[in-house]
Amino acid sequence: MAKKIKLKRIEKTGSQEPHFDEARFSINYKEELNKTQFDAASAIKGSYLVIAGAGTGKTRTLVYRVSRLIEMGYAPESILLLTFTRKAAREMMDRATKLLDSRCSKINGGTFHSFANLTLRRYGKAIGLKPNYTILDQGDSEDVINLIRGKMDVAKLKKRFPNKKTILKVISLSINTSRTVNTIIAEEYPHFIEQIDKVLEIKTKYIQYKSVNSLLDYDDLLLSLLKLLTSKGDVANQLLSSINFIMVDEYQDTNKIQADIVKALSTFNSNVMVVGDDSQSIYSFRGADFKNIMNFPNLFKNSELIKLEENYRSTKEILSLANHLLEFAVEKYPKELFTNISDGELPAIISASNDNMQSRFIVERILELLEEGISIGDIAVLFRSAYHSFNLEIELNKAHIPFVKIGGLKFIETAHIKDSLAFVRIAMNTKDLISWYRILLLHEGIGPKRAQLILEEISNMDFLSSDFSKLKGEKLFAKVIPLFNLVSSLITDRYKLPYDKLELIYKYYDSIFEKKYDDFNKRRKDLEALNNIASNYDNTTTFLSDMVLEPPRDAVGEIDEDKDDEQLIISTIHSAKGLEWHSVFIMHAADGFFPSAQSFDKQATIEEERRLMYVAVTRAKRNLFISYPTSIFSKQNGYTFTSPSRFIANLPDTLAEEWMIEEDF
C-alpha cells in the first residue's frame, strides 16, 4: 500500500543555516579549539571580523575553518584564502591537508598579487589585457622611471630633483592610499614642491610606457584585478559566482585597493571572514591602511565580531606589559590577552650609560642564556631602525657569537640574478626594452647613449627570422651580434623550458659575469640556485611571475657555510612580525629613537609606534629585556642625554623590574 504524502508548512524566522551534528565530522572541532576559536571556525554564511591578538592561534583557527567547510560539503575550489606571503598560504593548506585530507590542497590560496596574476592571465582579455604581459618588480619599475627621467634632462633645471626610488614611491603611495601626488609631495617631500609638474609628467609617461610595452607593476596587478571584478560583464559574473567563501589573513596590513578587492569579491556571495589584529598594524609606510580593519563593520553591514584573546605563546608577565601598552591606544578594538602559562619573570627595563654599554650588556646576557641551555636560535635582538644595531654587531663579532641580520639584500635584488632574469624576459618578450637596456650596458664599450641608439633599432627587429651576419659591418652593432644570435636561439622551441634557457644564457653570460663581479665565485652559487629553482618549472611565464611575486629571500652567496647551523637573530621589528623566540631583547628604546622623532608630529604616527612596541613585546615567550642608553653620541651634537621611551617610562613595579648598568660593567 502506497504511503501518503504529508506536507508540512515551513515557518520562516529569518535566514537560518541548517544544523550540523558535530558527531558526523571526522574531527572533534569543539574539543580541539577553544570557545572563540570554535566560534570562528564554525562560522559559515555572513561576514565576520576576527580580531586575533598576538599568539592566539589565528592560523590554527583558519586551518580548522577550511577543514570544517570542506567536511560540510562545500567545494574546495569555491574557497578563497588570501594572505600576504605565499609561504603563509602554503603552510595553511598543508596543515589543513594533514588535519583532514587532500581536498584541502585544492582551495584557492595565495597572496593578493599571485591571485591577481593567475586571474588576469586567465580572464584579463575581458578588460583588454594581453595574457603575455611582463611583471615588473620594484627594481624594474625604478629602471623604467629612470629611463623616462633621463630623457627629460632634469639636470638643466639646476635644482634638486627626486631620484627614481622617490618618484616610484610617490606614484605607488598615491595609488595605494588614494591620495594625490600633490598631497604626498606636500606632506612627505615638501622640498620637491616646485617639481610636482615634472613628477606628474613622469607618472603619465610611466603609465603610457607600461601600456605600450605590455608591462604591469605590483600596483597594476591589483588595479587590473579590481577593474575586472567590478566590470559587471559575463566573465566577472562567472568568476565571482564561483567563489563561495572569502578568507583574508592579516587584514590589518591591507591597503585601500586590497580592501576594495575584498569588497568586490563578495558581490555575489557575501561570506567574508577577515582575520587580523588592529594592534599589529605597523606597515603604513608600505601603504597599509589602519582604517581598513577599523571600518570593516561599516563596509560589511551586520558583520559579527569575534575576538581571540587566549595567548599560547607568552607568560602572563609579558602579556600584562602588552595589555598595559594597549590601554593607552586611542583607537582600538578592546581586548585583554590572557594565558595559562605561569611561572614567568617580570620583563626587565635596563638603562645603560651609552650605546656601547648597552651592547655589552646584551652580549653578556646572551652568553648567560646560552649557559642556561637556551638555544642561540631561540634568542633575538630587535630594534626600531637598522642602524641601531651597528654597535651591537661589533660586540657580537668580538664575542664570536654567530648572528644573522634580517633585512639584507634579497636574492631577487642582487645584480647578477637581475642580469640573468633580464635575459629570460627578453626571450619571452623581445620588445622588453628595460631588460634590453640592462643587458646592453653589461657589454664593454656600450654606454647609455649607444644603448639608446641600439634600443631604437631593436624595436623594429624580428629575432625569429633575421640574419644578423648582415650587421657585421655596422659599427653600432659590432658588440652585440653574438647577443642577437643568443636571443634568436632562446625564442626557439628547442629552449622552451626556463632551465634550458638559463643553461644557454650562462654560456654567454659567464665571461661578462667574471669581469663584472670581483666576488664572482661567491655569486656563482646564486646562479646555480636560480638554475635549481628553474628546473622545477615547465613554463617560463610562471617561472618569471613567481620570481617577481614570491622570490627566494636570501642570496646564497651571503651565507657562510663555516658558520654554526644556528645563529642569533638580530632584526628590525617590522621584519620580526609573525615570529617568536624564547628570549627577546628590545634595544635602543629611548624617546626620539623608539618612538622615532619623526613620529612626534601626528597622533596617527605615534599610535603606530605604540603598536610597533606591542609587536616587539609579544615576540617573547619567556624572557623580555628592554634596554636604552641614557646618552647618545653623534658627530653633529656630541653627547646628548636621552630618556626612556614613553611607552616604558614610569611603569609600575608590578609590570617590570628596572635595572641600571653600573659604569664598571
Side-chain angles (χ1 to χ4, degrees), residues 84-85 87 138-139 165 282-283 285-286 350 352 354-367 369-370 374-417 519 522-523 525-526 529 551-590 593-594 596 609 612-613 615-621 623-629 632 645:
F84 275 82
T85 66
K87 179 182 177 183
Q138 182 175 325
K165 287 181 180 291
I282 59 174
Y283 294 117
F285 65 95
R286 295 181 186 169
I350 301 103
N354 54 50
D355 192 6
N356 182 252
M357 192 74 75
Q358 174 185 227
S359 298
R360 287 165 56 198
F361 158 74
I362 293 172
V363 168
E364 288 297 321
R365 190 68 187 96
I366 289 172
L367 291 172
L369 289 170
L370 296 178
I374 309 303
S375 167
I376 192 170
D378 212 5
I379 304 172
V381 184
L382 308 181
F383 31 85
R384 171 64 180 83
S385 301
Y387 73 91
H388 292 169
S389 72
F390 289 167
N391 188 272
L392 174 67
E393 292 171 46
I394 295 170
E395 293 300 321
L396 289 170
N397 281 321
K398 285 181 185 177
H400 303 292
I401 296 176
F403 68 90
V404 59
K405 186 173 183 178
I406 297 179
L409 200 61
K410 293 181 180 178
F411 179 83
I412 194 68
E413 294 170 350
T414 55
H416 49 297
I417 295 300
D519 58 346
K522 184 183 288 188
R523 290 175 183 255
K525 296 176 184 177
D526 289 346
R553 188 188 177 281
D554 298 311
V556 178
E558 293 300 312
I559 299 173
D560 186 344
E561 294 175 349
D562 295 328
K563 285 186 179 178
D564 295 350
D565 290 338
E566 282 198 314
Q567 298 171 303
L568 173 76
I569 297 295
I570 67 172
S571 172
T572 61
I573 301 165
H574 287 99
S575 297
K577 184 173 170 290
L579 304 176
E580 60 184 48
W581 294 272
H582 178 280
S583 300
V584 169
F585 295 82
I586 304 171
M587 65 181 298
H588 242 67
F593 294 89
F594 189 6
S596 68
E609 294 284 304
L612 194 62
M613 179 64 83
V615 167
V617 165
T618 53
R619 298 312 93 199
K621 293 193 283 188
N623 294 323
L624 176 62
F625 308 92
I626 306 177
S627 62
Y628 65 95
I632 299 285
S645 168

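Computation of the quantities below employed the complete heavy-atom set of this structure, encompassing side-chain atoms and omitting hydrogens, waters and symmetry-equivalent molecules.
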Any chance you could measure [X], atom [atom1], to [Y], atom [atom2], to the nearest 0.5 Å?
X	Y	atom1	atom2	result
I374	S583	CD1	OG	5.5 Å
S389	H588	OG	NE2	10.0 Å
L367	I401	CG	CD1	4.0 Å
L612	I282	CG	CD1	5.0 Å
I569	I376	CD1	CD1	9.5 Å
L369	I379	CG	CD1	5.0 Å

Q. Please walk me through it: do F285 and H574 pass ring-ring contact (aromatic ring centres under 6.0 Å, His included)?
A. CA-CA 11 Å; F285 65 95; H574 287 99; 5.0 Å; yes
Looking only at heavy atoms, which two atoms of [X] and [Y] are closest? And how far apart?
X	Y	result
S571	A576	OG-N, 3.7 Å
A386	T572	N-CG2, 3.9 Å
D355	N391	OD2-CB, 3.6 Å
F593	R384	O-CG, 3.3 Å
W581	A380	CD2-CB, 3.3 Å
F403	Q567	O-NE2, 3.8 Å

(Q) Measuring only between side-chain heavy atoms, which start at C-beta, is L624 closer than 4.5 Å to I586? (A) yes
Q) Looking at side-chain heavy atoms only, is the closest gap between P629 and M357 below 4.5 Å? A) no
Q.
Treating S375 as the side-chain partner and G377 as the backbone partner, does any N or O pair qualify as donor plus acceptor under 3.5 Å?
A. yes
Q. Between the side chain of E395 and the main-chain N/O of N356, is any donor-acceptor distance below 3.5 Å?
A. no
Q) When F585 is tested against each of L392, L382, V381 for side chain to side chain contact (heavy atoms under 4.5 Å, CB included), which residue passes? A) V381
Q: For residues 577-586, pull every pair meeting salt bridge (Lys or Arg N to Asp or Glu O under 4.0 Å), keeping only residues two or more places apart or in separate chains.
A: E250-K577, D253-K577, R313-E580, E580-K621
